[in-house]
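This report refers to the structure that appears directly beneath it.
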Amino acid sequence: MIRFGLCCIFRKEPIKFRRTTAKYLGRFSRRQQLANLSEICMANADALYRALQFCRRHGIKGFRINSQILPLKTHPEIGYRFEDLPSHRKIRRMFERCGTYASEHDLRTTFHPDQFILLSSPDNNVTQRSTADLIYQSEVAQWVNADVINIHAGGAYGDKIRTLNRLRREIERLPEAVRRRLTFENDDRIYTPEDLLPVCNDMEIPLVYDVHHHRCLPDGNDVEKTTQLALKTWNREPLFHLSSSLNAKGDGNPRNHHDTIDIADFPRCWLQLDTTIEVEAKGKELAVLKLMKEVFRLSAEKSA
DNA sequence: AGCGGTCAAGTTGAT
DNA sequence: ATCAACTTGACCGCT
C-alpha cells in the first residue's frame with residue numbers, strides 16, 4: 001500500500017503553526033522573549049497533535065513537520081536552549097504525545113530542513129550552523145518518532161565531485177541521532193539522483209527520489225530505473241516526492257508547484273509500492289485527498 | 001478589522 | 001559587483 005503524506009500546512013482545515021521573527025522579539029527582555037517563544041512552541045505542539053488527528057481521520061498516513069516548529073531555535077541572537085523555555089516540560093510531553101499517537105495509528109512523520117541547511121558548504125560556519133539545526137530537529141524527531149530528516153546536497157561551489165567528497169566527510173561527523181534519520185533528495189538545479197546515489201550507497205543515507213525534480217533536471221535514467229535504484233538505498237519504508245508543474249505548457253517557471261497533482265504525473269511504476277509519497281502541492285490536504293481518490297481508481301482499473 | 005511590508009539563514013545566475 | 005529568485009504564509013504594525 002502507498003502511504004500518502006501531507007506537507008507541513010493546511011489549505012482549508014483551520015490548523016495553523018505559529019512563528020515569529022527575531023526583529024520583533026529583539027525589542028523585549030530575554031525573559032519576555034522566552035515566555036513568548038514558549039507560548040508559540042506550545043501552540044505548535046498542540047497544532048501538530050491536531051494535524052495528526054486530521055490525517056488519521058482522512059486516511060493520510062504521513063505528515064511532514066515544518067522546520068520552524070520551535071521557531072528561531074538556533075538563531076544567532078535569539079536562539080535558545082529548549083530547557084530555558086518556561087513551559088519546556090509541558091511542551092515536551094505534548095510532543096511525546098504526538099509521537100505516541102503517530103505510532104498507535106501508523107502515521108509517519110518527517111522533517112525537511114530548508115534550503116539554508118547545508119552540509120556541503122566550503123564555509124565552516126555554514127556547516128556548523130547547519131549541523132546545529134539538524135541536531136535540534138533530530139531532538140524533536142526523537143520526541144515525535146519521526147524517522148526522516150531530509151535535505152538537499154546544496155550548491156556546486158564550482159566542483160560537484162569535490163563538494164560531494166566534502167559532504168561525505170561532514171556526514172561522518174554527525175551525531176548518531178541525526179545520521180540515522182538523514183536522507184538526501186535530488187534537486188532541480190544541481191544534483192541528480194545519479195549524482196547522489198554513490199554517496200547514498202556508500203554512506204547508507206537513503207535517497208528521497210523527487211520525480212518532479214528529476215523531470216526538471218534529468219540524468220539519463222528513466223523514472224522506472226531511478227525508482228529501483230532509490231528503493232535499494234532504503235533500510236526502512238522508502239520515501240518519494242511528487243508534485244506537478246505550475247506551468248506545464250505555459251512560459252512561467254516550470255519548477256513551481258501546481259495546486260493539485262495531475263494524475264498523468266503519477267508514475268505508474270509506483271502503483272504497487274509500499275512507500276510513502278509526500279505530495280507537494282499548494283492545495284495541501286485537498287490535493288492529497290484528491291490524488292488518493294484518483295490513484296485508488298487507477299489501481300482498481302489496473303487489477304480489474 | 002483589514003492591509004501591506006517583512007521575515008535568519010546560502011547559492012546561483014542574470015545584469 | 002549587485003541583487004532577485006528560490007517559496008511562502010503568517011505575523012506585526014499601522015491605518
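Letters A, B, ... mirror the listed sequences (proteins, then strands); counts begin at 1. On a predicted model such as this, the values are computed, not experimentally measured, just so you know.
- Listed in residue order, the members of residues 149-164 of chain A having a heavy atom less than 4.0 Å from DNA chain B are A/Gly155, A/Ala156, A/Tyr157.
- Across the P atoms, C/dC3 and B/dA9 are found 15 Å apart, a figure rounded to whole Å.
- Of the candidate nucleotides B/dA8, C/dC12, C/dC6, B/dA8 has the atom nearest to the side chain of A/Ala22.
- Heavy atoms of A/Ile78 sit nowhere under 4.0 angstrom from any nucleic acid atom.
- Residue A/Ser121 places at least one side-chain N or O under 4.0 Å from the OP1 or OP2 atom of B/dT11.
- Nucleotide C/dC12 holds its P atom 15 Å from the NZ atom of A/Lys16, rounded to whole Å.
- Using modelled atom types, one finds a donor on one side chain and an acceptor on the other under 3.5 Å when comparing A/Arg30 with A/Gln33.
- Taking atom CD of residue A/Glu39 and atom C1' of nucleotide C/dC11, one finds them 14 Å apart after rounding to whole Å.
- In this structure, the CG atom of A/Asp133 is 9 Å from the C1' atom of B/dA9, given to the nearest Å.
- Summarising the geometry, the separation between CG on A/Leu217 and C1' on C/dC6 is reported as 15 Å, rounded to the nearest angstrom.
- Taking atom P in both B/dT11 and C/dA10, one finds a spacing of 28 Å when rounded to whole Å.
- Across the P atoms, B/dT6 and C/dA5 are found 15 Å apart, a figure rounded to whole Å.
- For the pair A/Lys23 NZ and B/dG5 P, the computed distance is 14 Å after rounding to whole Å.
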Can you give me every donor-acceptor pair (side chain of residues 75-83 of chain A, partner residue at least two apart or in another chain, under 3.5 Å) with its distance?
| from | atom 1 | to | atom 2 | distance (Å) |
| --- | --- | --- | --- | --- |
| A/His75 | ND1 | A/Glu77 | N | 2.9 |
| A/His75 | ND1 | A/Ile78 | N | 3.0 |
| A/Tyr80 | OH | A/Pro71 | O | 2.8 |
| A/Arg81 | NE | A/Asp84 | OD2 | 3.3 |
| A/Arg81 | NH2 | A/Asp84 | OD1 | 3.0 |

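- Electrostatic pairing of A/Glu280 and A/Arg64 counts as a salt bridge here, judged by a charged N lying under 4.0 Å from a carboxylate O.
- Proximity note for A/Pro76 (side chain, C-beta onward) versus B/dG13, B/dA9, B/dA8: the nearest is B/dA8.
- Ranking B/dA9, B/dA8, C/dG9 by closeness to the A/Arg19 side chain, first place goes to C/dG9.
- Looking at A/His214, A/His212, A/His213 one by one, the single match for side-chain hydrogen bond (donor to acceptor under 3.5 Å, both in side chains) with A/Asp210 turns out to be A/His213.
- Atom-to-atom, CD of A/Glu185 to P of C/dT7 comes out at 11 Å; the value is rounded to the nearest Å.
- Residue contacts shown for A/Asp114 include a base, since a base heavy atom lies under 4.0 Å away.
- Between A/Arg168 and A/Glu172, no side-chain nitrogen of the basic residue sits less than 4.0 Å from a carboxylate oxygen of the acidic one, so the salt-bridge criterion is not met.
- With a cut-off of 3.5 Å on both pairing distances, the Watson-Crick or G-U wobble partner of B/dG2 is C/dC14.
- Using a 30° and 60° split on the angle between ring planes, A/Phe240 and A/Tyr209 fall in the perpendicular class, above 60°.
- Considering only heavy atoms from C-beta on, A/Leu298 comes within 4.5 Å of A/Arg268 through its side chain.
- Nucleic acid contact for A/Thr74: base, since at least one base atom lies under 4.0 Å from a heavy atom of the residue.
- Comparing A/Tyr24 and A/Phe10, the nucleotide of DNA chain C nearest to each residue sits closer to the 5' end for A/Phe10.
- Pairing partner, C/dT7: none, since no Watson-Crick or wobble contact has both distances short of 3.5 Å.
- If you check B/dG10, B/dG13, B/dA8 against the side chain of A/Arg189, the one that comes closest is B/dG13.
- In this entry the distance linking OH of A/Tyr191 with P of B/dG10 reads 17 Å, nearest Å.
- Separating the NZ atom of A/Lys282 from the P atom of C/dT7 is a distance of 9 Å, rounded to the nearest angstrom.
- A pairwise comparison of heavy atoms in A/Ile261 and A/Ser243 identifies CD1-CA, 3.5 Å as the closest pair.
- Checking B/dG10, B/dT12, B/dA9 against every side-chain atom of A/Leu118, the shortest atom distance belongs to B/dG10.
- When both distances must be under 3.5 Å, the Watson-Crick or G-U wobble mate of C/dT2 is B/dA14.
- Ion pairing of A/Arg129 with A/Asp133 is absent here, as no side-chain N (NZ or NE/NH1/NH2) approaches a carboxylate O to less than 4.0 Å.
- Distance from the side chain of A/Phe116 is smallest to B/dA9 among B/dA8, C/dT8, B/dA9.
- For C/dA4 and C/dT8, the C1' atoms lie 16 Å apart once the distance is rounded to whole Å.
- Distance noted for atom P between C/dG9 and B/dG10: 23 Å (whole Å).
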